[in-house]
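These notes are about the structure you will find just below.
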Number of protein chains: 4
Amino acid sequence: MAKKTGEKYQNIIEAAVKVIAQHGYHQAQVSKIAREASVADGTIYLYFDNKADVLVSLFKEKMGAFVQATRERIELLERADDRLRELIYMHLWQMSQNRDWAIVTQIELRQSDPVVRAGINQALKEYLKLIDEVIFLGKEQGVFRENVEHRVARKMIFGTLDEAVTSWVMNDRKYNLVSLVEPIHNLFINGLKVEKQ
Amino acid sequence: MAKKTGEKYQNIIEAAVKVIAQHGYHQAQVSKIAREASVADGTIYLYFDNKADVLVSLFKEKMGAFVQATRERIELLERADDRLRELIYMHLWQMSQNRDWAIVTQIELRQSDPVVRAGINQALKEYLKLIDEVIFLGKEQGVFRENVEHRVARKMIFGTLDEAVTSWVMNDRKYNLVSLVEPIHNLFINGLKVEKQ
Amino acid sequence: MAKKTGEKYQNIIEAAVKVIAQHGYHQAQVSKIAREASVADGTIYLYFDNKADVLVSLFKEKMGAFVQATRERIELLERADDRLRELIYMHLWQMSQNRDWAIVTQIELRQSDPVVRAGINQALKEYLKLIDEVIFLGKEQGVFRENVEHRVARKMIFGTLDEAVTSWVMNDRKYNLVSLVEPIHNLFINGLKVEKQ
Amino acid sequence: MAKKTGEKYQNIIEAAVKVIAQHGYHQAQVSKIAREASVADGTIYLYFDNKADVLVSLFKEKMGAFVQATRERIELLERADDRLRELIYMHLWQMSQNRDWAIVTQIELRQSDPVVRAGINQALKEYLKLIDEVIFLGKEQGVFRENVEHRVARKMIFGTLDEAVTSWVMNDRKYNLVSLVEPIHNLFINGLKVEKQ
DNA sequence: AATGAATGAGCTTTCATTCAT
DNA sequence: GATGAATGAAAGCTCATTCAT
């Protein structure tokens, strides 16, 4: 039913991001998004099945671009540990570049109902797959330990980055998020323990 | 105004957890909670200021007990790395023990409105403080590296555990969450890298 | 926000008068008014900000027409005492013509909350101004005494008419309200005292 | 059922006046009145049938005293026109003496539901009867015109005084209400018209 | 394709009254 | 007589979605 292309399709998605970032998820009514996109309320339903579809599409579009950009950048690098650093960098850098998107992603969209959550999780899988690939590569290259459970490592990497961005957004972005790239990478690679001397 | 003690107070909190876990946040009406607690709708307002207050109180009560139990257990141990293992264990074990609570905490309560979120974040701080204490102790004992940024380490520990539990809940708890204690602890301590030989 | 024009706007106002007159102020729920107006509950909120706005608008619309009709009629007359008689006549005649409106105005709307009261008082001022004009004209024409305090005279005129209509409504309109025009006018003009002979 | 005597009965009535004057009719909950009277909520129902009964009783008690005091004073005077002046004076003076009572009587109690209104009107009749008596006496004494309709005169007297007090209360009692006694009396007696010379 | 007026289901909270103690 | 904890009915308002134009 919904025609998921065209200029208006993009306009509506951008409008949704803007409205949600500005007014919060619970104040992001369809009519407000329509006004921001300069279309009629009904027009939204020509491009999307329902409101949840707007949110899920929004997340997929943005997340797709995010993953692709990250993938392109890390594949320029050889070593898995360098790729991991680049992934951490891209994650934090992209979020710090787009204030609205960070708010929407880390705070507002988490309040959405189960249907939207399901769509979001679906879109997230692509990113988790990319993380897995880095881990597997690291093991192959003998850079990461063989006995590291890749599912556990993936949770650590995603969980830490996610928590870092959320915490940064919640603290009104008072510090430079990208400055965390090295400390985080270092911690992932070397762990907490003191090196034997 | 609200009398935040007594048997009914506890009943209502338990009923809220049950209803939210069973029907989801958006289907957890006051009347449903009241029925589950075997009180009249109005009775809830003798013990809580409003619905948000029920949810925040619920989180504070449970989280307070959670943090206290964890603190008591880890303080029986000497070394910071052992304490960290115990904290990981307590986090995962307590969540795996209480199916409803895990769902409420990881999924449903995240959908709540800003007022509830603020109350929840407040309650979470106590837990983050406990994590910080373990990190500081580790540095003092020379068990953890001095040059580890404690804020980054805290984000890693909390972010990883949180992601692990969410992931486990979302996958319908198909595996034993406690089995992740060792892998996670190992990863936190030793990192991803291969040991020099 | 509210679009205060159109056929539906008028329909809702008429429906509100009817429902309030029939069921009383405290039984005039929005849903009842909507049903009477043959619109959905939500439609009311396209034309009015809230329930109080319906009531205030209703009063303003009706009172505005009332004052205008009265003004047009009295301005056809020269002498202030004739104008006063016409004002008394119009007041009593218009009320006796519209059973529902009289009930709403004299009984039901007086039960309304402070917000509505404030709006009503605002609308009443226009009528009081008209009364004042008649008094001033009378003084200019040498028909009314110069030493009559116009504020006191205004209270007498409005207070008496208001009491007359209220009393008539409360007594289930058993007599002809318009028959009071002459006695009231006579009393206003000549007072209680016996003429010196 | 209700025992309409005793110290607590009086306390509750005084408390009701105070609470209504202070917080307004719509904020005068039974529990608030009970607290002000230093009794339990349930105790009110030992002395009154229901909330409406409290309000009606309150009005009757106060109005009874008001009428009696007025009657005693005017009966000291011979002439009906003097009695009328005294009645005007007593009405305005008593209201201006008791701020709370004036607010309750003129503003707040008018918002009450039909049951209370009916009780109030009942209590008012005694006062209207007193006004009638003055008018009849005036006619007998040849002080007031025979051809004055007493019902109309009564409406004028009560309507004007009522409007005067309401207006004074609404204007935050910025002027001295008693200063209106002479102007009002003069207007009632002599009317608006210029004396023939 | 686009519009936007109309729909109507759904829910938190208040408060007069009761009754077991 | 006095208490006050408990009751539960009742209603204004929002907003995603539709559909006639």
Side-chain angles (χ1 to χ4, degrees), chain A residues 1 3 6-8 26-35 37-55 113, chain B residues 1 3 6-9 26-35 37-54 113, chain C residues 1 3 6-9 26-35 37-54 113, chain D residues 1 3 6-8 26-35 37-55 113:
Chain A
M1 212 83 203
K3 181 201 151 203
E7 195 192 354
K8 287 208 168 110
H26 290 285
Q27 281 304 307
Q29 296 88 348
V30 170
S31 61
K32 209 178 266 171
I33 294 171
R35 204 178 319 127
S38 301
V39 299
D41 294 16
T43 303
I44 288 186
Y45 291 85
L46 298 174
Y47 292 91
F48 299 89
D49 293 334
N50 46 47
K51 187 180 178 183
D53 187 30
V54 176
L55 302 179
D113 63 83
Chain B
M1 218 84 201
K3 183 197 149 207
E7 194 193 354
K8 288 217 166 81
Y9 176 78
H26 291 285
Q27 281 304 307
Q29 295 90 345
V30 170
S31 60
K32 211 177 266 171
I33 295 171
R35 203 176 320 124
S38 301
V39 298
D41 293 16
T43 303
I44 289 186
Y45 292 86
L46 296 175
Y47 293 91
F48 300 89
D49 292 333
N50 46 49
K51 187 180 176 181
D53 187 32
V54 176
D113 63 83
Chain C
M1 220 80 202
K3 184 196 150 208
E7 194 193 354
K8 289 217 166 81
Y9 176 78
H26 290 286
Q27 280 305 306
Q29 297 89 344
V30 170
S31 62
K32 212 178 265 171
I33 295 171
R35 204 178 318 125
S38 301
V39 298
D41 293 18
T43 303
I44 289 188
Y45 293 86
L46 296 176
Y47 292 91
F48 300 89
D49 292 333
N50 46 49
K51 187 181 177 182
D53 188 31
V54 176
D113 63 83
Chain D
M1 213 82 201
K3 181 202 152 203
E7 195 192 354
K8 286 206 169 114
H26 289 285
Q27 282 304 307
Q29 296 88 346
V30 170
S31 62
K32 209 180 265 172
I33 295 171
R35 205 178 319 126
S38 301
V39 299
D41 294 15
T43 303
I44 287 186
Y45 291 85
L46 298 174
Y47 292 91
F48 300 89
D49 292 334
N50 47 47
K51 187 181 178 180
D53 187 30
V54 176
L55 302 179
D113 62 85

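The figures here come from the full heavy-atom set of this structure, side chains too, leaving out hydrogens, waters and symmetry mates. Throughout, protein chains are lettered first and strands after them, A, B, ... in sequence-line order, and every chain is numbered starting at 1.
Mapped onto DNA chain F by nearest heavy atom, A/Ala28 and C/Gln29 fall at different nucleotides, with C/Gln29 at the one closer to the 5' end. Between A/Val30 and D/Tyr47, the residue anchored closer to the 5' end of DNA chain F is D/Tyr47, taking for each the nucleotide with the nearest heavy atom. The nearest heavy atom of DNA chain E to D/Asn50 and to B/Asp41 marks one nucleotide each, and the one closer to the 5' end goes with B/Asp41.
Remark: E/dA20 base-pairs with F/dT3; criterion is Watson-Crick or G-U wobble with both hydrogen-bond distances under 3.5 Å. With a cut-off of 3.5 Å on both Watson-Crick or G-U wobble distances, the partner of E/dA1 is given as none. Summarising the base pairing, E/dG8 is matched to F/dC15 through a Watson-Crick or G-U wobble pair whose two defining distances lie under 3.5 Å.
Nearest heavy atoms, A/Gln27 versus A/Lys32: O-NZ, 2.9 Å. When all heavy atoms of D/Asp41 and D/Ser31 are compared, the closest pair comes out as OD2-CB, 3.4 Å. In terms of heavy atoms, A/Lys51 sits closest to A/Gln29 at NZ-CA, 4.3 Å.
Side-chain atoms of A/Ile33 and A/Val30, non-hydrogen and from C-beta on, never get closer than 4.5 Å to each other.
Taking atom CZ of A/Arg35 as the reference point, atom P of E/dT3 lies 14 Å away to the nearest angstrom. Whole-Å rounding puts the C/Ile44 CD1 to E/dA6 P distance at 12 Å. When rounded to the nearest whole Å, the span between CD of A/Glu7 and P of E/dA1 equals 15 Å. If you take OH of C/Tyr9 and P of E/dA5, they are 17 Å apart, rounded to a whole angstrom. With rounding to whole Å, C/Gln27 atom CD is found 10 Å from F/dG12 atom P. One can place NZ of C/Lys32 at 10 Å from P of F/dG12, the figure rounded to the nearest angstrom. Put simply, CG on A/Leu46 is 11 Å from P on F/dT18, counting in whole angstrom units. The CD1 atom of B/Ile33 sits 8 Å away from the P atom of E/dT12 (whole-angstrom rounding).
Checking E/dC11, E/dT3, E/dA16 against the side-chain heavy atoms of A/Val39 singles out E/dT3 as nearest. The side chain of C/Tyr45 has F/dT14 as its nearest neighbour among E/dA16, F/dT14, E/dT3. Residue A/Thr43 places its side chain closer to E/dT3 than to any other of E/dT3, E/dT7, F/dT3.
Residue contacts shown for D/Lys8 are limited to sugar-phosphate atoms, with no base heavy atom under 4.0 Å away.
The aromatic rings of B/Phe48 and B/Tyr9 lie parallel to each other, their planes meeting at an angle below 30°, with 60° marking the opposite boundary.
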